[in-house]
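What follows is a set of notes on a single structure, which appears directly below.
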Amino acid sequence: MNFVEELTWRGMLHTIMPGTEEMLNKGMASGYIGFDPTADSLHVGHLTQIMTLIHFQRAGHKPFALVGGATGMVGDPSGKSAERNLLSEDVLQHNLEAVKAQLTRFLDFDSGMNSAEMVNNYDWFKNFTFLDFIRDVGKHITVNYMMAKDSVKKRLEGDTGMSFTEFTYQLVQGYDFYYLWKHHNCTIQMGGSDQWGNIVTGTEFIRRKDAGEAFALTTQLIKKADGTKFGKTESGAVWLDSERTSPYQFYQFWLNTTDLDAKAYIRIFTLYDRAVIEAWEAEHDAAPHTRILQKALAKDITIRVHGEAQYEKAIKSTDFMFGSVGIEFLNELSNEEVLELFSGVPNFNLPLADLQAGVNISDLLAVKTSIFPSKGEAKKTIAGGGVSINREKVATADDVYSTSVLINNKFVVAQKGKKNYFLIIVE
RNA sequence: GGGGAGAUACCAGAGCGGUCAAAUGGGGCGGACUGUAAAUCCGCUGCUUCGGCUACGAAGGUUCGAAUCCUUCUCUCCCCA
């Protein structure tokens, strides 16, 4: 199965330029996807692009992962309704290093001819002067052409306007493609469907400047079945960095996928082949409550991103949090084991003296810890029956807790709702 | 430089002198049901020592009383030059 067929059956393909598949079928091709360092970690939204590169490499092609040291300084207007704030160079540099490190984990950088490569567009832009740029790049593309792009049109039609800086973004990205085409023989650029306009500016630029031929392919924007944004939870984006999103939370995110979405995601985010996936689907349809798809999905991605050991830990934590194990189970564990079990869960420290003096529940939740942002909210949630201490529902917001709630003389387990656990460490 | 429109809670958006902590919708959070799903239903959605306090771009002013009226300022958008 070739690259395009692979993406097609997985439901990942969005748009493909005519002739692309023929070009790829001729043999090993080089292609790239760009990642802008807007934060110091990638998030699950980037996984589609990462998987695309993985498939590209598995199909025998040579993938380039481009980190946008330069483009990150400009700001991509695609899909943005308002002008973005520029990041400082320090922040950008820090982000760049972090993103590079993450990308390194997913691709094979040592597989001979088609080893992956990492490039940074800052390398070819840092000495590119403004005058050179407007003469060598700007001259080949008309403003009329640039204005016709969706990303630009939307902003001109909207009521927020757009700076010249963001307007030029497509040229900067277009030149990236040209550079990689010229120097690394990259004949295809891939990306999310929102990147189509930018990518095509690149192929157009290559054609006009050097009469060269280059291709484009974009992938589906991942959305949830209900149309809402993919990759968000109560606490924000789901990051690949374990400091930002713990492996346990990461695992939970995937496990909580809806049935409908799971069928789509298992194709996009795992490498299992069609027969395996279809067999699981049949099994899933027969007994949806076993959530076989969600489990397989969560397992595969968690291992790819965080490794086997972290996955095992996430499973153990999950078993305790959602299994039939009672709270007494903690008594059988050592302090280290308890901490390990709760390692993926937010935790707070509380001086023992506070508990000895007796602490009001809303103080405990909102003042001594930041499980709730305010006492008012803690009280409201308690009134709605949404708070538990050691798995026991808190009856009223006036309850006072003392050392009698301690587990192992050291811990208190708090829950906000059913799914959100917090560990309070008392010492 | 000239003219116009506007700035309200997380977002959209009503309110146009008191009854406004501010309609309505969305989002979010919690509950019930369930499979840690979807759909549905219900509750909550500024802070609080529960007496109040701080809020409708900012600062002043008018008034017994202002999100609502006046002045100045800041910012945004649109049109013209």
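By convention in this document, chain letters (A, B, ...) are assigned in the order of the sequence lines, proteins followed by strands, and residues within each chain are numbered from 1.
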Using a strict threshold of under 4.0 Å (side-chain N to carboxylate O), is an ion pair present between A/K410 and A/E427? yes
Any carboxylate oxygen within less than 4.0 angstrom of a Lys/Arg side-chain nitrogen, looking at A/R304 and A/D300? yes
Starting at atom CG of A/L365, determine the distance to atom P of B/rC29, rounded to an integer number of angstrom. 18 Å
Is the ring centre of A/F128 less than 6.0 Å from the ring centre of A/Y175? yes
Suppose you measure atom P in B/rU24 against the same atom in B/rC44; what distance do you get, rounded to whole Å? 12 Å
Quickly work out the A/D285 CG to B/rA37 P distance and round it to whole Å. 19 Å
Pairing partner of B/rC53, by Watson-Crick or G-U wobble and under 3.5 Å for both distances, is B/rG46
Taking OP1 and OP2 of B/rA37, is either one under 4.0 Å from a side-chain nitrogen or oxygen of A/K419? yes
B/rA37 P sits how many Å from A/L255 CG, rounded? 10 Å
Work out how far the C1' atom of B/rG13 is from that of B/rU8, and round it to whole angstrom. 9 Å
Partner of B/rC33 by Watson-Crick or G-U wobble geometry, both contacts under 3.5 Å, or none? none
Whole-angstrom distance between B/rU68 and B/rG2, as gauged at atom P: 28 Å
How close or far is atom C1' of B/rU34 from atom CZ of A/F322, stated in whole angstroms? 14 Å
Taking the C1' atom in each of B/rC20 and B/rA9, what is the distance between them to the nearest angstrom? 13 Å
Distance, rounded to the nearest Å, where A/L297 contributes CG and B/rA37 contributes C1': 13 Å
Euclidean distance, atom NZ of residue A/K295 to atom C1' of B/rA37 [Å, nearest integer]: 12 Å
Partner nucleotide of B/rG65 by Watson-Crick or wobble geometry (both distances under 3.5 Å): none
Provide the distance between the two C1' atoms, one in B/rU54 and one in B/rC77, to the nearest whole Å. 31 Å
B/rA55 versus B/rG46 - spacing of their C1' atoms, nearest Å: 8 Å
Distance check, P atoms only: B/rA7 and B/rA67, in whole angstrom units. 16 Å
To the nearest angstrom, how far is A/H284 atom NE2 from B/rG35 atom C1'? 9 Å
Closest contact, heavy atoms only, A/M146 versus A/T168: CE-CA, 4.2 Å
Rounded to whole Å, please give me the gap between NZ in A/K416 and C1' in B/rC44. 12 Å
For the residue pair A/Q195 / A/D76, report whether a side-chain donor-acceptor contact shorter than 3.5 Å exists. yes
Any base atoms under 4.0 Å from A/K380, or only sugar-phosphate, or nothing? Heavy atoms, all strands. sugar-phosphate
So, do A/W280 and A/Y272 have ring centers that fall under 6.0 Å from each other? yes
OP1 or OP2 of B/rA32 sitting under 4.0 Å from any side-chain N/O of A/K418? yes
Do the ring planes of A/Y421 and A/F320 sit parallel (below 30°), tilted (30 to 60°) or perpendicular (above 60°)? tilted
Counting only side-chain N and O atoms of A/N420, is one of them less than 4.0 Å from OP1 or OP2 of B/rU36? no
Considering every strand shown, what is the Watson-Crick or G-U wobble mate of B/rU24 when both distances are under 3.5 Å? B/rA12
What contact category does A/T318 fall into here, base, sugar-phosphate, or nothing, at under 4.0 angstrom with non-hydrogen atoms? base
Counting just side-chain N and O atoms, does A/K375 come under 4.0 Å of either OP1 or OP2 of B/rU49? yes
With both distances under 3.5 angstrom, what nucleotide forms a Watson-Crick or G-U wobble pair with B/rA7? B/rU74
Between B/rA23 and B/rA32 - C1' atom distance, rounded Å: 28 Å
Any N/O donor-acceptor pair, A/E377 side-chain to B/rU45 base, under 3.5 Å: no
Base, sugar-phosphate, or nothing for A/K379, non-hydrogen atoms under 4.0 angstrom? base
Report yes if at least one side-chain N or O of A/S374 is closer than 4.0 Å to OP1 or OP2 of B/rC47; otherwise report no. yes
Let me spell it out: for each of A/G417 and A/D363, pick the nucleotide of RNA chain B with the closest heavy atom. Which residue's pick is nearer the 5' end? A/G417
Under a 3.5 Å cut-off for both distances, is B/rG1 Watson-Crick or wobble paired, and to whom? B/rC80
